[in-house]
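Right, one structure below, let's go through it.
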Amino acid sequence: MAPKYKAPRGTQDVLPEVSWRWQRVEAAFREICRRYGYGEIRTPVFEDTELFVHGTGEGTEIVTRQMYSFEDRGGRSLTLRPEGTPSVVRAFLEHGLHSRGVQKFYYIAPIFRYERPQAGRYRQHTQLGVEAIGAPGPDIDAEVIALFHDFLTEISLEGAVTHISSIGCRNCRPALSDALRAFFKPKLDDLCEFCQARYEANPLRILDCGVPADVEARVGAPSALDHICDECRAHFDAVVALLTELDIPHEVDPTIVRGLDYYTRTTFEVVHPSLGAQDVLMGGGRYDGLAEVLGGPATPGIGFGSGLERLLLVLGEEGSSPGPDVYVAAASEEARGPAFKLALELRRAGLSVEIDYIGRALRTQMREANRLRARAVALIGEDEMAAGTVTLRDMATGEQESVPAGQVAERMKSRPGGDGA
RNA sequence: GUGACCGUAGCUCAAGGGUAGAGCACCGGACUGUGGAUCCGGUGGUUGGGGGUUCAAAUCCCCUCGGUCACCCCA
């Protein structure tokens, strides 16, 4: 006990007995992205610190308190990616993709934030994300939300609720902020210290603060949706209409405000009631000003990020990993050589094969085969070696048969339930 | 960053100042070459780490590391 080294705080090891769950969810996400025409993008785990300071936003919690930043040996300030969007937009601009119409990306990438760990919140977590850059219209907004909805269906995750709103554009945001300041001015002293600071810089954020006093203070506050401009309103109404038409369940919730500076117009999140305080499964929105902020031509964009660890928390631990096709058992010390050779031959024939490496008793090998949920056991002992055969036992039925050594793979593939893959 | 609770075998947990235990798991055996059941035996711990109090500390005190929950933040 008390090993010398432990995984750093807020990080975790994913062992083979659970990583198959991760792979299953990742595979489903890749498949849905393929159907929607989103191609995988892989960007560096670290970037120029300035990318996030300007992209994510100087005043955001992420930039001011949560980044893992370091100086490399060349004196450059680098930062472990605390969110995915700036990297993707940076790559989009760097490779001149703005001249190629709408570009759609997806990624599965580790994200790093220095936060106090708790259930559903880690210092390194994995985000499944999507970014669609270059399309200004409401249809792509609906598409991105539909994509996630289909993904949840694909992994059989039930009970998630989609909230959607609009926080306006750079033209109408000032008027919205003014309306909020006017409303909160007489109550300024009642607000929490953070919200008092937000009052000037970004009064919108007061709307989703969780402090009880603030929740009370904002009763009757102006709704973002009532103060956005006609263009933003039309865009939002069109998104909602599309979702309704597509049968994507959603709730309009004017209180959702994302914590990153670059969001414009459509914002959304998907929450799940089984998760407790960290209940956001997916969050995203439109970021029509980001490309410009990063020094590129004005280009609209929209995307989301979804925490893989949280998805797995909701999915729970039902089910079990698939077992090997064949467990090769050696009945004696002398049979271990032929058994090992058989295992390799079966593997080359495309079967997944497990075998004992430490000379355990035959009984224990059988137990192991059972525990692993092997479909069959191929047994080799004195009799088999003499006859050039293998005893093949079906672990579900208990039936055994003698099979010529060279025909085991063939026999397995022809069995019911065998796919030979 | 704030507050609360909790760290004993691989896992789940007993022992609350006086020789660290159980169940599960693992290994072997009963069963001379056969799994999922039962029984028997065995391996395994400087009680998260460090310091202090005491004749004596898993147990009391302090620090530290880690986990959990809430705040906060967010995926």
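Numbered from 1 within each chain, the chains take letters A, B, ... in sequence-line order.
- Distance noted for atom C1' between G45(B) and U19(B): 15 Å (whole Å).
- Within 4.0 Å of Ala119(A), counting heavy atoms only, lie sugar-phosphate atoms of the nucleic acid but no base atom.
- Backbone-only contact: Thr364(A) has heavy atoms under 4.0 Å from sugar-phosphate atoms and none from a base.
- In this structure G1(B) sits in a base pair with C71(B), meeting the Watson-Crick or G-U test at under 3.5 Å.
- Residue contacts for Phe304(A): at a heavy-atom cut-off of 4.0 Å it reaches no nucleic acid atom on any strand shown.
- At the heavy-atom level, Leu281(A) lies under 4.0 Å from the strands shown only through sugar-phosphate atoms.
- Pair assignment for A15(B) gives none, since no Watson-Crick or G-U wobble pairing has each distance under 3.5 Å.
- Atom CZ of Arg24(A) has 12 or fewer heavy atoms from other residues, nucleotides or ligands within 6.0 Å.
- Within the 4.5 Å cutoff, the side chain of His125(A) has no heavy atoms near those of the Pro110(A) side chain.
- Within 6.0 Å of the CZ atom in Arg181(A), the count of heavy atoms belonging to other residues, nucleotides or ligands exceeds 12.
- RNA chain B is contacted by Glu61(A), Arg65(A), Gln66(A) of residues 34-69 of chain A, taking any non-hydrogen atom closer than 4.0 Å.
- Remark: G33(B) base-pairs with no nucleotide; criterion is Watson-Crick or G-U wobble with both hydrogen-bond distances under 3.5 Å.
- Arg367(A) comes within contact range of the sugar-phosphate backbone alone, with a heavy-atom separation under 4.0 Å but no base atom that close.
- Each of C74(B), G35(B), U34(B) was ranked by its minimum atom distance to the side chain of Gln278(A); first place goes to C74(B).
- The side chain of Arg121(A) has A75(B) as its nearest neighbour among G33(B), C65(B), A75(B).
- Along RNA chain B, the nucleotide nearest to Arg371(A) and the one nearest to Ile380(A) differ in position, and the one closer to the 5' end is contacted by Arg371(A).
- Contact annotation for Glu384(A): base contact, defined as any heavy-atom pair under 4.0 Å involving a base atom.
- Using a 4.0 Å heavy-atom distance criterion, Ala374(A) is classed as making no nucleic acid contact.
- Checking G35(B), G33(B), C69(B) against every side-chain atom of Arg393(A), the shortest atom distance belongs to G35(B).
- Pair assignment for G7(B) gives C65(B), based on Watson-Crick or G-U wobble hydrogen-bonding distances that are each under 3.5 Å.
- Closest approach to the Ala361(A) side chain among G33(B), G66(B), G28(B) is made by G28(B) (side chain taken as heavy atoms from C-beta onward).
- Note on Gly120(A): a base of the nucleic acid sits closer than 4.0 angstrom, heavy atoms only.
- Spacing of P atoms, G50(B) relative to C55(B), comes out at 23 Å, to the nearest Å.
- Straight-line distance from the CE atom of Met366(A) to the C1' atom of G35(B): 5 Å, rounded to whole Å.
- Nucleotides U68(B) and G48(B) place their C1' atoms 16 Å apart, quoted to the nearest Å.
- The OH-C1' distance, from Tyr114(A) to G1(B), rounds to 9 Å in whole Å.
- In G16(B) the O4'-C1'-N dihedral to the base is within 90° of 0, which defines a syn nucleotide.
- Looking at heavy-atom distances under 4.0 Å, Arg9(A) makes contact with sugar-phosphate atoms alone, never a base.
- Nucleotides G44(B) and G23(B) place their C1' atoms 15 Å apart, quoted to the nearest Å.
- Contact check for Pro249(A) versus Thr162(A): no side-chain heavy atoms found under the 4.5 Å cut-off.
- Separating the CD atom in Glu384(A) from the OG atom in Ser402(A) is a distance of 7.0 Å, to the nearest 0.5 Å.
- Taking the C1' atoms as reference points, C73(B) lies 13 Å from U2(B), given to the whole Å.
- Taking the side chain of Thr391(A) as heavy atoms from C-beta on, and the options C72(B), G33(B), G35(B), the nearest nucleotide is G33(B).
- Using a 4.0 Å heavy-atom criterion, one finds that Gly284(A) contacts no nucleic acid atom at all.
- Taking CD from Glu269(A) and CG from Asp279(A), the interatomic distance works out to 7.5 Å, rounded to the nearest 0.5 Å.
- Closest of all the heavy-atom pairs between Glu251(A) and Val161(A) is OE2-CG1, 3.6 Å.
- With G67(B), C74(B), G3(B) as the candidates, the nucleotide lying closest to the side chain of Arg116(A) is G3(B).
- At a cut-off of 3.5 Å, with distance as the only test, no side-chain donor of Thr299(A) or Glu292(A) sits close to an acceptor on the other residue.
- A donor and an acceptor atom never sit less than 3.5 Å apart when one is taken from the side chain of Gln365(A) and the other from the base of U34(B).
- Comparing Leu260(A) and Asp383(A) along RNA chain B, the residue whose closest nucleotide (by nearest heavy atom) sits nearer the 5' end is Asp383(A).
- If you look at Phe304(A) and Phe148(A), their ring centroids are closer than 6.0 Å.
- Annotation: A57(B) and G49(B) have their C1' atoms spaced 16 Å apart (nearest Å).
- Base pairing of C27(B) is made with G41(B), judged by Watson-Crick or G-U wobble geometry with both donor-acceptor distances under 3.5 Å.
- Within the 4.0 angstrom heavy-atom criterion, only backbone atoms of the sugar-phosphate kind lie near Met282(A); the bases stay farther away.
- For Tyr287(A) and Tyr262(A), the distance between ring centers is under 6.0 angstrom.
- At a threshold of 4.0 angstrom between heavy atoms, the contacts of Arg205(A) are confined to the sugar-phosphate backbone, with no base atom among them.
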